[in-house]
Asks: 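Quick one: structure below, then a few questions.
Chain letters run A, B, ... following the sequence lines, proteins first, then strands; residues in each count from 1. No experiment lies behind these values; they were computed from the predicted model shown. Side-chain atoms are counted along with the backbone in the values below, which use heavy atoms only and exclude waters and symmetry mates.
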Protein chains: 2
Amino acid sequence: MSDRSPAQHSDMLLFLTDEQLRQGIEAMFFAYQGFTADPDRILAGMAYGRAHHRAVHFINRAPGTTVNNLLGILGVTKQSLNRVLRTLIEDGLVESKVGRVDKRERHLFLTEAGAELERKLSDAQRARMRAAYRDAGPEAVTGFRAVLEAMMDPNMRRKSSALKESST
Amino acid sequence: MSDRSPAQHSDMLLFLTDEQLRQGIEAMFFAYQGFTADPDRILAGMAYGRAHHRAVHFINRAPGTTVNNLLGILGVTKQSLNRVLRTLIEDGLVESKVGRVDKRERHLFLTEAGAELERKLSDAQRARMRAAYRDAGPEAVTGFRAVLEAMMDPNMRRKSSALKESST
DNA sequence: TTGGAAAGTCAATAAAGCTGACATATAATT
DNA sequence: AATTATATGTCAGCTTTATTGACTTTCCAA
């Protein structure tokens with residue numbers, strides 16, 4: 001179909017009314033509500049919230065990640081994260097190990113109990129994501145991902161594609 | 001089990017690894033961070049937060065909407081919304097008018113100052129959405145919207161397509 | 001050896017939500 | 001007319017999640 005240039009869209013004009021954009025904005029709002037609804041329900045019972053979910057998610061994703069790494073990813077302050085992390089460690093869901101090469105660093109890992117919670121939360125979220133993908137179809141998924149990537153802040157885009165574990 | 005049906009995707013199998021789903025989940029997380037970043041920055045200076053933004057957005061979208069309507073849309077409690085609404089009314093950004101047909105109801109409208117704030121916030125958000133749409137291309141937009149719709153809770157899906165103004 | 005980075009902590013504060021209880025005005029029903 | 005239900009508003013108290021600022025301990029690196 002492409003008869004020319006490498007740039008896929010640079011020669012296509014998108015006419016977007018404010019109304020269309022508003023619909024996109026609201027769709028994002030309502031979809032995010034749905035996106036977080038299941039984990040929120042699960043966490044509501046326990047003494048945990050969305051902040052704990054995010055920490056557990058990213059520690060699971062990048063075992064051994066340092067506190068500083070996590071701070072950058074979550075975009076919160078040291079003190080905020082520390083409170084969350086402290087309860088998770090106290091409750092035996094997260095383990096903090098002193099760095100071997102740089103002993104100032106703490107490397108974070110999920111314990112078996114932590115991994116279990118992570119599984120419970122992400123199972124729910126994956127189920128919804130899977131259902132949405134199924135309903136929308138394969139091509140929709142590609143488009144979905146493309147728009148989301150474009151909507152991120154550039155430095156976050158990097159983090160979302162590859163999460164580094166230790167030093168810069 | 002009909003092997004051919006009107007459903008567009010029922011006969012297509014989507015093989016989604018947990019890894020692919022996790023990427024989608026994270027993309028949603030980071031994209032939402034970006035999505036709210038600009039309004040957050042604008043609101044940071046003033047005495048307002050995301051809650052005020054949401055109220056102003058939906059009052060602008062559906063002028064004359066009642067408090068109860070707004071409660072349903074935002075999914076918060078009366079007390080939470082009321083605190084936000086009270087400051088907006090005190091500051092002269094929102095006007096509350098006693099219902100003509102049902103005098104128990106209060107119908108909410110933006111004042112000129114309220115409309116101005118709304119414009120400032122949504123301009124920023126629309127700009128980002130427009131940029132994302134442009135980067136991702138027209139077909140991506142369709143897919144993006146389809147997945148978001150599928151990800152919402154069903155009752156919210158209804159609200160996102162048509163926001164009713166007064167009584168049921 | 002000195003400077004700075006990584007992590008942790010304490011205190012004070014704020015935004016935004018929650019529950020529960022209660023009041024007022026008004027509509028609807030009996 | 002009396003009762004019940006609804007829409008709104010408000011008070012008090014609590015929780016979670018965030019903030020800023022100040023400070024300490026540990027430890028790497030110049």
Side-chain angles (χ1 to χ4, degrees), chain A residues 33 36-37 39-56 59 64-91 94-108 164-168, chain B residues 33 36-37 39-56 59 64-91 94-108 164-168:
Chain A
Q33 267 191 356
T36 56
D40 282 357
R41 251 191 302 277
I42 293 170
L43 291 158
M46 327 186 199
Y48 298 136
R50 226 176 260 185
H52 300 84
H53 180 191
R54 293 199 284 263
V56 164
I59 293 170
T65 189
T66 63
V67 174
N68 241 358
N69 258 315
L70 212 45
L71 285 179
I73 291 157
L74 300 178
V76 298
T77 57
K78 188 176 53 158
Q79 294 90 330
S80 275
L81 177 59
N82 192 253
R83 192 168 18 78
V84 167
L85 234 37
R86 189 164 46 201
T87 69
L88 289 173
I89 290 169
E90 278 170 5
D91 297 354
V94 168
E95 202 178 355
S96 169
K97 288 182 182 165
V98 173
R100 283 163 307 179
V101 33
D102 187 335
K103 291 180 189 168
R104 291 173 304 181
E105 294 180 338
R106 299 301 133 90
H107 297 271
L108 304 168
K164 286 186 291 281
E165 174 166 336
S166 44
S167 61
T168 322
Chain B
Q33 266 191 359
T36 55
D40 281 357
R41 250 191 302 277
I42 293 170
L43 291 159
M46 326 188 200
Y48 298 135
R50 230 177 255 185
H52 300 84
H53 180 191
R54 293 198 286 265
V56 164
I59 294 172
T65 190
T66 64
V67 173
N68 239 0
N69 256 316
L70 211 47
L71 285 178
I73 291 157
L74 300 178
V76 299
T77 58
K78 187 176 53 158
Q79 294 90 329
S80 277
L81 177 57
N82 193 252
R83 190 163 23 76
V84 168
L85 234 36
R86 191 165 44 203
T87 69
L88 289 174
I89 291 169
E90 277 169 6
D91 297 354
V94 167
E95 201 179 354
S96 169
K97 288 183 183 164
V98 174
R100 281 162 310 176
V101 30
D102 187 333
K103 291 179 189 168
R104 292 173 303 182
E105 296 179 334
R106 297 301 133 91
H107 298 271
L108 304 169
K164 286 185 292 281
E165 175 166 335
S166 45
S167 60
T168 320

Asks: Counting the atoms with a prime plus P, OP1 and OP2 as sugar-phosphate, which does A:Arg83 contact under 4.0 Å by heavy atoms, base, sugar-phosphate, or nothing?
Replies: base
Asks: Would one find a side-chain N or O of A:Arg54 under 4.0 angstrom from OP1 or OP2 of D:dA18?
Replies: yes
Asks: What residues form a side chain to side chain donor-acceptor pair (under 3.5 Å) with A:Arg100, not counting sequence neighbours?
Replies: none
Asks: Looking at side-chain heavy atoms only, is the closest gap between A:Leu88 and A:Leu108 below 4.5 Å?
Replies: no
Asks: Name the nucleic acid region contacted by A:Arg86, choosing base, sugar-phosphate or nothing; use a 4.0 angstrom heavy-atom cut-off, strictly under.
Replies: sugar-phosphate
Asks: Nearest 0.5 angstrom please: A:Ser80 OG to A:Leu74 CG, how far?
Replies: 10.0 Å
Asks: What nucleotide, of C:dG17, C:dC22, C:dT19, holds the atom closest to the side chain of B:Lys78?
Replies: C:dC22
Asks: Using a cut-off of less than 4.0 Å, is there contact between a side-chain N or O of B:His52 and OP1 or OP2 of C:dA16?
Replies: yes
Asks: Rounded off to whole Å, could you give me the CG-to-P distance for the A:Leu85 and C:dG8 pair?
Replies: 7 Å
Asks: Please tabulate, one pair per line, each protein N/O and nucleotide N/O from nucleotides 27-30 of chain D that are separated by under 3.5 Å, including the distance.
Replies:
| residue | atom | partner | partner atom | Å |
| --- | --- | --- | --- | --- |
| D:dC28 | OP1 | A:Lys103 | N | 3.2 |

Asks: With a 4.0 Å cutoff (strictly under), does any side-chain N or O of A:Ser80 reach OP1 or OP2 of D:dT17?
Replies: no
Asks: Does a side-chain N or O of A:Asn68 approach OP1 or OP2 of C:dA7 to a distance below 4.0 Å, or not?
Replies: yes
Asks: Could you state the atom-to-atom distance from CG of A:Leu81 to C1' of C:dA7 in whole Å?
Replies: 11 Å
Asks: Tell me, please, which residues at least two apart from A:Asp91 pass salt bridge (charged side-chain N to carboxylate O under 4.0 Å, His left out).
Replies: none
Asks: Do B:Gln79 and D:dG13 share a donor-acceptor pair, side chain to base, under 3.5 Å?
Replies: no
Asks: Among D:dT17, D:dA7, D:dG9, which nucleotide sits nearest the side chain of B:Ser96?
Replies: D:dG9
Asks: What is the distance from CD of B:Glu105 to P of D:dA5, rounded to the nearest Å?
Replies: 19 Å
